[in-house]
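Side-chain atoms are counted along with the backbone in the values below, which use heavy atoms only and exclude waters and symmetry mates.
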Amino acid sequence: MGKVQVKIVNKSPNALPSYSTEQSAGMDLRAWLDAPVTLQPLERALLPTGIYIALPPGYECQIRPRSGMALKRGLTLLNTPGTIDADYRGEIGIIMVNLSNEPQTIENGERLCQMVVARHETVEWEAVEVLDETERGAGGFGHTGTK
């Protein structure tokens with residue numbers, strides 16, 4: 001398994017993002033709050049983390065919801081997965097929404113989401129008049145049924 005070196009600035013008192021298990025793909029990001037934040041049903045907020053990173057070229061960072069928060073509390077992320085590009089140097093902010101029927105309070109230091117660092121390719125378009133045929137063709141949006 002390869003490793004990539006990523007520069008990080010942590011302005012919060014929280015630990016650096018880390019993997020929970022040896023084979024985890026995502027690292028937990030924590031809230032950096034002056035006071036608890038309560039989200040009402042269907043309310044959203046941009047929550048700070050105090051984390052700034054410098055990814056090497058050819059890498060991106062994806063911000064994804066934590067499944068336990070979504071199932072147990074109805075808290076998830078908008079714009080998911082959020083993408084952090086290699087040339088972004090601002091603070092990583094988390095756009096959280098409360099999809100439950102009850103107010104949900106987020107505490108300082110609480111794990112908000114997962115951060116996955118991955119390689120990506122840069123596309124070079126080749127303009128053509130016709131695409132090659134496939135068995136699927138243009139079928140989409142449930143064309144194969146549900147069973």
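- Closest of all the heavy-atom pairs between Pro41 and Ser100 is CB-O, 3.3 Å.
- Put simply, Ile51 and Tyr19 are part of the same group of oily side chains (I, L, V, M, F, W, Y) that touch within less than 4.5 Å, one to the next.
- From Ser18, atom OG reaches atom CZ of Arg111 across 9.0 Å, with rounding to the nearest 0.5 Å.
- In this structure, Tyr88 is not a member of the same hydrophobic cluster as Val116, with clusters built from ILVMFWY side-chain heavy atoms closer than 4.5 Å.
- Residue Ala31 comes nearest to Glu107 through the heavy atom pair CB-O, 3.8 Å, listed as atom of the first residue, atom of the second, then distance.
- Both Leu29 and Leu33 are members of a single hydrophobic cluster when ILVMFWY side chains are connected at heavy-atom separations under 4.5 Å.
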### Message
Using side chain to side chain contact (heavy atoms under 4.5 Å, CB included), reason through Gln114 and Asp28 one step at a time and then give a plain yes or no.
### Response
CA-CA 5 Å; Gln114 291 193 14; Asp28 289 328; 3.8 Å; yes
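- Of the candidates Leu75, Val37, Leu46, Met96 forms a side-chain contact (heavy atoms from CB on, under 4.5 Å) with just one, namely Leu75.
- Between Thr49 and Ser12, the closest side-chain pair of non-hydrogen atoms is not below 4.5 Å.
- For the atom pair Glu43 CD and Asn98 CG, the distance stands at 8.0 Å (nearest 0.5 Å).
- Follow the hydrophobic side-chain contacts under 4.5 Å out from Trp32 and you never reach Ile106; the two are in separate clusters.
- Asp85 contributes no side-chain N or O that, together with a main-chain N or O of Asp87, makes up a donor-acceptor pair within less than 3.5 Å.
- Atom CG in Leu71 sits 12.0 Å away from atom CZ in Arg66 (nearest 0.5 Å).
- Note on residues 69-82: pairs passing side-chain hydrogen bond (donor to acceptor under 3.5 Å, both in side chains), not counting sequence neighbours, are Arg73-Gln104, Arg73-Glu110.
- In this structure, the side chains of Tyr52 and Ile8 stay at 4.5 Å or more apart for every pair of heavy atoms.
- Contact annotation: the side chain of Ile63 never approaches that of Pro81 to less than 4.5 Å [non-hydrogen atoms, C-beta and beyond].
- In this structure, Leu39 and Val97 have side chains that are not in contact, with every pair of non-hydrogen atoms separated by 4.5 Å or more.
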### Message
Could you go through Val117 and Met27, starting from their C-alpha distance and side-chain angles, then the distance that decides it, and tell me whether this counts as side chain to side chain contact (heavy atoms under 4.5 Å, CB included)?
### Response
CA-CA 9 Å; Val117 175; Met27 296 171 270; 4.1 Å; yes
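- Contact of the Leu112 side chain with the Arg30 side chain is not registered, since no non-hydrogen atoms from C-beta on lie closer than 4.5 Å.
- Shown here for Pro56 and Ala86, the closest heavy-atom pair between the two residues is O-CB, 3.6 Å.
- Atom CG of Leu77 sits about 5.5 Å away from atom SG of Cys113, to the nearest 0.5 Å.
- Rounded to the nearest 0.5 angstrom, Ile92 CD1 and Ile84 CD1 are separated by 3.5 Å.
- Note on Val6: it clusters hydrophobically with Leu16, by side-chain heavy-atom contacts below 4.5 Å among ILVMFWY residues.
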